[in-house]
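Have a look at the structure below, then the notes.
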2 protein chains.
Amino acid sequence: MPSHVFQAPTGTRDFYPADCALRRFITESWRAASIRHGFDEVDGPTFEHLDLYTVKSGEGIVSELFSFTRAGGERTYALRPEFTPTLARLYAAKAGSLPRPTKWFCTPTFFRAERPQRGRLREFMQWNVDVLGDPSPQADVEVIATCVSLFRALGFTPADLRVRINHRAALCAWFESRGIALERHEALLSLLDQKSKLPAAEFAARLAAFGFTPEQAEVFVKGLLRTQVSPRSSEVSVLGETLDAASIDPIKRLMSGLEGTSDVLDLTLFSEAVAPLATALAAARILDWVDFDLSIVRGLAYYTGMVFEVHEAGGQERAVAGGGRYDNLVELFGGPPTPAVGMGMGDVVLSLVMKDKGLVPAPANLAEAIGIRPDVFVISNGDPGAEAALMPTVAALRESGLHVRHTYKTTRNVGKLLREASDTFARLAVIIEGADRGVIKDLGTGVQDAAPTPIGLLPAALGDRLRRGGGAGGVEVSVKAPEPG
Amino acid sequence: MPSHVFQAPTGTRDFYPADCALRRFITESWRAASIRHGFDEVDGPTFEHLDLYTVKSGEGIVSELFSFTRAGGERTYALRPEFTPTLARLYAAKAGSLPRPTKWFCTPTFFRAERPQRGRLREFMQWNVDVLGDPSPQADVEVIATCVSLFRALGFTPADLRVRINHRAALCAWFESRGIALERHEALLSLLDQKSKLPAAEFAARLAAFGFTPEQAEVFVKGLLRTQVSPRSSEVSVLGETLDAASIDPIKRLMSGLEGTSDVLDLTLFSEAVAPLATALAAARILDWVDFDLSIVRGLAYYTGMVFEVHEAGGQERAVAGGGRYDNLVELFGGPPTPAVGMGMGDVVLSLVMKDKGLVPAPANLAEAIGIRPDVFVISNGDPGAEAALMPTVAALRESGLHVRHTYKTTRNVGKLLREASDTFARLAVIIEGADRGVIKDLGTGVQDAAPTPIGLLPAALGDRLRRGGGAGGVEVSVKAPEPG
């Protein structure tokens, strides 16, 4: 017998019911946003062959993975650190028979063998959304719009979170126009990605080696890390609504943050790449969430076009989400050349930001949002006939599909039991007062009615009452988009 | 670049959208049954410290686990092969502050490093349902009732699946009454558990060593593996409905299969242990699913009371589910003495049995059941005003919470696009015919109406129509219990 109490491994989490409810609220919100935007759910194994990861990221990734073999087995496996290699494998295996575009999402668990720190754990959930087989800026925007749809559903506004986009092709075209040779672009992108980790003087010195002036270095360091929110509107004319001046030229709106930098940057190079994106962002009604931001390059070398990250407007935490276009990756996994764009969002930073902004729903709202509010709490008043009817009534109501609770206490004090019912956030209470009589109480309004006789009619009566919205009171749910279907 | 197409590791699965929909149908059905019966969801890490598993199962378990260390780390971890050790760890850590009883469920993924075969994979989903802190037969029955609730929701009947229960305490009391010493009971239980793997003659010979006659061995081998279904009814009187003769004595009903064996078994020993279970099974209205079956012992040594397995009535596949009472286990993990009862059900055997019985929902029914039927499919007829309105209308409808799809094809042939809409199982289609006019078509009834003007009123109009049940036709869903909440 152990002398200690066992604990979860470092960097992993236990999910007691309240933790599990919040996690489910997040994963269900991810799923709902994906479905609203027409994505289909996929998944793969929790572990893959190790070489699936070294193909994309090189041998250097191995120390960041949990890898293992089976006793007596020959192959080395690794717990998945991300979804993209699995996604590319799945797509490559059936590319010929899949629709164009293929729109996939998933919300599984991933693993990193690194030191845990704020916002980064060894096991975490991550939402992935990808459009495969569509090279258009509309596909780029579809991914961003799905991400914004999640933020809106959770109660965030454009004043809380900013989608900061950039375009690698535009950035590289600009590097080329400055005479920086193609083979140096990756080193320069990698330097830009490190800017927040380097002292300003060192960052400027390294940029100078690429021919940038101190003023240009300044643009990368803070000129574009704008934290104040610009005036916003994404109304467009086609819905017959009043136009907002700022929306007439979406390109101008999107790039407004860059205007003060036109003396150091050739903006025309950017607006060519950005114009189609800006137009699609306006049509998707999300322009007010987006800033064009030269400082976003993303650490991963495989992005080929648009890249984006979502940050708190105040910038306190790590990126909430990130993604971009990766047109060469499916081919790397044995598939046909396939344009692709996608994004990932982890649950750890997202829940920190929800807490920062006061957007974690209160327990009753959470219960409502994830569908765990009891429909009925059944009480016996202690009458012998009521006692005999209690468990069969509970069973009959559950058979009819209702979520039913009852007390496990020995008390038959109806007042105490009604308080227990309210504490579970139940919609209705049924108080059985005899073998064949009882009372239905709406725990939202407090209104009581006689239960139907014989009491065998109760399941139909309660189902009908709940369908008409009975017991809906007492809990205000503003965090979840309506689901009229 | 690899010359081969990568594959999922042996014994693991890829989940393309249709596979993922079925998996979600199963896990959501598990979750719904758990919630109806008042269980709260919990979860733990995907991997635990290896010693969490050796405490309960001994070092012998190690070869059946995927275990690993972190590069540079000291602790050995293992992918979880089951939930019970995690459950016991979670309960032990907070036992003092948890309610009595604590009712927990989970539906995560588990791993076994064994050779894959029909019904057994290296990675699988498993539903766990446990009641902790309640020693009563009602708690045993609550676990079984939740399991039966799932079967009913999936469309199974008592003619398809049988819950076969036994009671270890009763069995051991009977062994004792026959003069078999306590220290030989575990070996005898282990022998009984192996009966289907041993030739009949060898099984009888080994039983003879415990003092059983060949006639008694016969009872264990096939007398109790009854495959025909007995007459059933679980109606009870308290709901004011007609009594069924078979339900008047639930003990008699439950043990009816043993009656022919009274010359070789002392049935009174069993009926004492079984009487409270039978009464609670009748009150829970599930007596018609249950047989008392002496051959069920469960391989795991830690069960202390009631044990059960669910098998196809025909007996073709492995057990669909299994569980029992384990009153000593929480203490083994450092917690206080805690009576407990629970069960597990994997997705692999369950889906085989669903296929055998024709209970896998057709694609449209599956889409309805897991909430992925599109609410609206938006079509432009090619008019320039309609083209400009298309994407903003899609965006506005999604903002209002609707699941909206549109074509990615270039055709504007409305007939073809309506067929595409029907193929997605969409409830409604909107055909935009100009900047500010269009038609709403109910894809269930085929009825068309003019869209409201201005078209900005569309989200409210469609939401209202869907709430009133519009577009519900065309798909018949009989597999899912109603959710009136």
Side-chain angles (χ1 to χ4, degrees), chain A residues 2 5-6 8-9 12 14-17 20 35-36 38 40-46 49 52 63 66 68 70-71 77 89-90 92-93 101 109 113 123 236 238-241 283-285 333-334 372 375 388-389 391-392 395-396 398 401 403 405 408 436 454 456 463 466-467 481-482 484-485, chain B residues 2 5-6 8-9 12 14-17 20 35-36 38 40-46 49 52 55 63 66 68 70-71 77 89-90 92-93 101 109 113 123 236 238-241 283-285 334 372 375 388-389 391-392 395 398 401 403 405 408 435-436 454 456 463 466-467 481-482 484-485:
Chain A
V5 170
F6 289 93
T12 70
D14 288 331
F15 293 90
Y16 286 91
C20 221
I35 290 170
R36 278 198 294 280
D40 296 319
E41 191 173 11
V42 294
D43 200 0
T46 301
H49 292 125
L52 190 77
S63 67
F66 289 107
F68 54 91
R70 188 174 65 86
Y77 306 110
R89 179 173 70 66
L90 289 176
T109 188
E123 177 171 9
V236 284
V238 285
L239 295 183
E241 294 167 19
R285 300 162 55 103
F333 288 88
I372 62 172
D375 293 307
M391 294 314 296
R398 284 175 175 160
H403 171 185
R405 299 222 173 188
Y408 288 87
D436 225 348
L466 289 161
R467 269 184 295 274
Chain B
V5 170
F6 289 93
T12 70
D14 288 331
F15 294 89
Y16 286 90
C20 221
I35 290 171
R36 277 198 295 279
D40 295 318
E41 190 175 12
V42 295
D43 200 1
T46 301
H49 293 125
L52 191 76
V55 159
S63 68
F66 289 108
F68 53 93
R70 188 175 65 86
Y77 306 110
R89 179 173 72 66
L90 289 175
T109 188
E123 177 172 8
V236 283
V238 286
L239 293 183
E241 293 167 19
R285 300 161 56 101
I372 62 171
D375 294 306
M391 293 315 294
R398 285 175 175 161
H403 171 185
R405 300 220 172 189
Y408 288 87
D436 226 347
L466 289 161
R467 266 185 297 274

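A quick note: this is a predicted structure, and the numbers were derived from the prediction, not measured. Chain letters run A, B, ... following the sequence lines, proteins first and then strands; every chain starts at 1.
Remark: side-chain polar atoms of A:Arg398 are paired, donor with acceptor, to backbone N or O of B:Arg36 under 3.5 angstrom. Of the possible polar contacts, one joining the A:Glu123 side chain to the B:Thr46 backbone as a donor-acceptor pair under 3.5 Å is found. In this structure a side-chain-to-backbone donor-acceptor pair under 3.5 Å is present from A:Tyr16 to B:Leu90.
Between A:Arg285 and B:Ala395, the shortest heavy-atom contact is CD-CB, 3.7 Å. Nearest heavy atom pair, residue B:Pro45 against residue A:Ala8, reads CG-CB, 3.9 Å.
The most heavy-atom pairs under 4.5 Å with chain A, out of B:Ser63, B:Ala71, B:Pro9, B:Gly44, come from B:Pro9. The choice from B:Asp40, B:Asp43, B:Ile372 that makes the most heavy-atom pairs within less than 4.5 Å of chain A is B:Asp43.
Looking only at side-chain heavy atoms (C-beta outward), B:His49 and A:Phe6 stay at 4.5 Å or farther from each other. In this structure, B:Asp14 and A:Arg89 have side chains that are in contact, with non-hydrogen atoms separated by less than 4.5 Å.
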